[in-house]
Amino acid sequence: MEEIGVMTKVSIIGQGYVGLTISLFAGEKFAVTGFDMNNKVVDQLNLGISHIEGVDSEGLEKLIKKNRYRATTNGADLADSDIVVIAVPTPLTADRKPDLSFIESACKTIGENLKKPALIINESTSYPGTLRKFIKPAVEQYSANALEHMYAISPERVDPGRTDFNQRNTPRLFSGLTEEATELTRNFYSKFCDHLVEVSSPEVAEAAKLFENTFRQVNIALVNEFAQISHSLGIDVYETIEAAATKPYGFMKFSPSAGVGGHCIPVDPSYLAAIAEEHGAPATFIRRANQVNREMSAYVVDRVQSDCGGSLAGKSVLVVGVAYKPNVADTRETAAELVIDELRLRGALVQWHDDVVGQWKDEKSSPLSGAQIAIVLTKHDGVKIESILASSPYVFDTTGKVPGAVSL
Ligand SMILES: NC(=O)c1ccc[n+]([C@@H]2O[C@H](COP(=O)([O-])OP(=O)(O)OC[C@H]3O[C@@H](n4cnc5c(N)ncnc54)[C@H](O)[C@@H]3O)[C@@H](O)[C@H]2O)c1
């Protein structure tokens, strides 16, 4: 590859939260092709309409006008890429094991279409060894021509909805399978990222990403268990956490909730546990943390049931906030799903209110009123505390943001 510069052709596979975000930053310096399998998404993107919160349509439109961005569903458009970034989902299978099928299909697109050697960078989250033992062999297997590509990893750390940290000021880990791949990767990201952190192998970068999210998952489970302990002791969990947080060192504050959601925290630790167990290493903390977080839904419903006469059968319950976190419309892996399932299992008549999400699982957001019981799972900034408290005679809050409600 020539020196990285304005003529460098960058293709980004997957135009979701990660892929589109990176496309806009990379588009300031390079010509970017955004490849996605979803026709509707691609058509919208080419009209300058962003489907991702935090990625503004105006920026997209500007890049399109400057011929710096084009979306496509046609793999052949990747043929002369210099750099290909993989940003596709890495979910869990139905039995909660790593599902690399999207990565495999991205490798197929690369293998079948690239016509010259390129630098292939994986940004999707996966277990250590994915780049070396899965991506490289898969691309080679699907390549009809014997091209020698370079491979690197740079795990994505974007936090959707966050404004203080972005691609430019969030430190980025990276490492290549070869020195040349490492250097080109540094060069590429240095054009739009201020803090680059080289690590000694792709496996370290892959493991660090998983460990970051596992750290959060385990600490959230700990505080969720602590909420249950506090309640059993008649102590206010929030006051206790605030008190502990006055220690200026050695403590980091986490807040209890009805469980964890999103694409990362409920998913990534299971990637680490799976590879650990494959190598005969215990992952007991991770497995237990998963269990505690997933069981919070039943704990919340137990608390509500016991406060409301011991049975929820036939009672109308309004779940307030089904997005996995405030101020986003994302419902992936949301704890609301487990809570609503549990409520319905116990015979409650459940509706939900979330005007940021609007529509979810073939149901529409209901008005914030008229229920016998309200359970707050996510509080968006635009939802008024007074409206929540007025929505029903009994309000149970799992967010710590609704003073006046019964809290965790
Ligand atoms: N969303 C986050 O906050 C976040 C943060 C850090 C890391 N990650 C990781 O980044 C990766 C991508 O996550 P995301 O949130 O951007 O996912 P997403 O679901 O928002 O977007 C993925 C996109 O990839 C497309 N796609 C799927 N398979 C494809 C294929 N074979 N070829 C082309 N397009 C394909 C989908 O249509 C979709 O538009 C995951 O590994 C995730 O764990 C996500």
Side-chain angles (χ1 to χ4, degrees), residues 11-25 33-46 49-55 71-78 81 84-92 98-114 120-127 130-131 134-135 138-139 142 153-163 165-167 170-174 205-206 208-214 216-217 260-272 323-325 327-334:
S11 296
I12 301 184
I13 303 191
Q15 291 293 284
Y17 282 86
V18 168
L20 189 61
T21 305
I22 196 89
S23 292
L24 259 79
F25 276 85
T33 302
F35 175 82
D36 203 288
M37 301 192 312
N38 186 326
N39 283 305
K40 204 171 141 208
V41 164
V42 165
D43 288 346
Q44 275 196 329
L45 290 175
N46 281 329
I49 303 166
S50 161
H51 63 300
I52 298 293
E53 284 147 350
V55 176
T72 184
T73 52
N74 183 3
D77 291 343
L78 272 58
S81 307
V84 182
V85 177
I86 301 173
V88 295
T90 43
L92 296 173
D99 175 2
L100 294 194
S101 59
F102 296 92
I103 293 217
E104 176 163 11
S105 119
C107 292
K108 187 166 187 277
T109 302
I110 295 169
E112 288 178 348
N113 291 290
L114 256 60
I120 294 157
I121 305 173
N122 180 36
E123 286 208 18
S124 297
T125 307
S126 186
Y127 50 77
T130 301
L131 183 75
F134 189 92
I135 292 178
V139 171
Y142 288 113
I153 171 92
S154 184
E156 182 51 62
R157 287 167 155 174
V158 69
D159 184 6
R162 191 163 197 131
T163 50
F165 283 101
N166 56 34
Q167 293 291 335
T170 306
R172 180 176 273 283
L173 304 177
F174 72 102
E206 290 165 324
K209 168 71 195 179
L210 292 185
F211 188 58
E212 289 163 20
N213 283 346
T214 301
R216 281 183 61 73
Q217 176 232 23
V260 287
H263 191 352
C264 297
I265 313 294
V267 174
D268 300 355
S270 296
Y271 272 68
L272 188 54
Y324 85 89
K325 69 174 184 178
N327 311 322
V328 300
D330 196 344
T331 53
R332 288 180 294 180
E333 299 275 333
T334 174

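Residue numbers count from 1 along this sequence. Counting starts at 1 for both ligands and their atoms, in listed order.
- The residue Lys40 has no part lying near ligand 1, judged by heavy-atom distances below 4.0 Å.
- Scanning all heavy atoms of the two residues, the minimum distance from Leu92 to Ser270 falls at CD2-CB, 3.8 Å.
- The shortest contact between atom 38 (C) of ligand 1 and any protein heavy atom is with Asp36 OD2, 3.4 Å.
- Closest to atom 3 (O) of ligand 1, if we only count protein heavy atoms, is Pro160 CD, 3.0 Å.
- A donor-acceptor pair shorter than 3.5 Å can be found between the side chains of Asp99 and Ser101.
- Using a 4.0 angstrom heavy-atom cutoff, Thr109 does not count as in contact with ligand 1.
- Not close to ligand 1: Val41, with no non-hydrogen atom less than 4.0 angstrom away.
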Could you give the side-chain donor-acceptor pairs of residues 13-25 under 3.5 Å, partners two or more places apart or in another chain?
unit_1	atom_1	unit_2	atom_2	d
Gln15	OE1	Ser23	OG	3.2
Gln15	OE1	Tyr69	OH	2.6
Gln15	NE2	Ile12	O	3.3
Gln15	NE2	Ser23	OG	3.2
Tyr17	OH	Asp330	OD2	3.4
Thr21	OG1	Tyr17	O	2.3
Ser23	OG	Gly19	O	2.7

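- Residue-ligand proximity, Ala106 to ligand 1, at heavy-atom distances under 4.0 Å covers atoms 31 (N).
- In this structure, Arg332 has a heavy atom closer than 4.0 Å to ligand 1.
- Judged as a side chain to side chain contact (heavy atoms under 4.5 Å, CB included), and not counting sequence neighbours, the contacts of Asp159 are Arg162, Lys325.
- Met37 CE to Thr72 OG1: the interatomic distance, rounded to the nearest 0.5 Å, is 13.5 Å.
- The atoms of ligand 1 that sit less than 4.0 Å from any heavy atom of Lys209 are 6 (C), 7 (C).
- The protein atom (non-hydrogen) at minimum distance from atom 44 (C) of ligand 1 is Val18 CG2, 3.4 Å.
- In terms of protein heavy-atom proximity, atom 32 (N) of ligand 1 is closest to Met37 CG, 3.4 Å.
- For ligand 1, the atoms closer than 4.0 angstrom to any heavy atom of Ser105 are 30 (C), 31 (N).
- Neither the backbone nor the side chain of Glu104 has a heavy atom within less than 4.0 Å of ligand 1.
- When non-hydrogen atoms are compared, ligand 1 lies under 4.0 Å from neither the backbone nor the side chain of Pro155.
- Of the heavy atoms in Thr90, both backbone and side-chain atoms come closer than 4.0 Å to ligand 1.
- For atom 22 (C) of ligand 1, the nearest non-hydrogen atom from the set Pro89, Ser124, Gly14, Gly262 belongs to Pro89.
- Closest approach of Ile86 to Ala106, counting heavy atoms only: CG2-CB, 4.0 Å.
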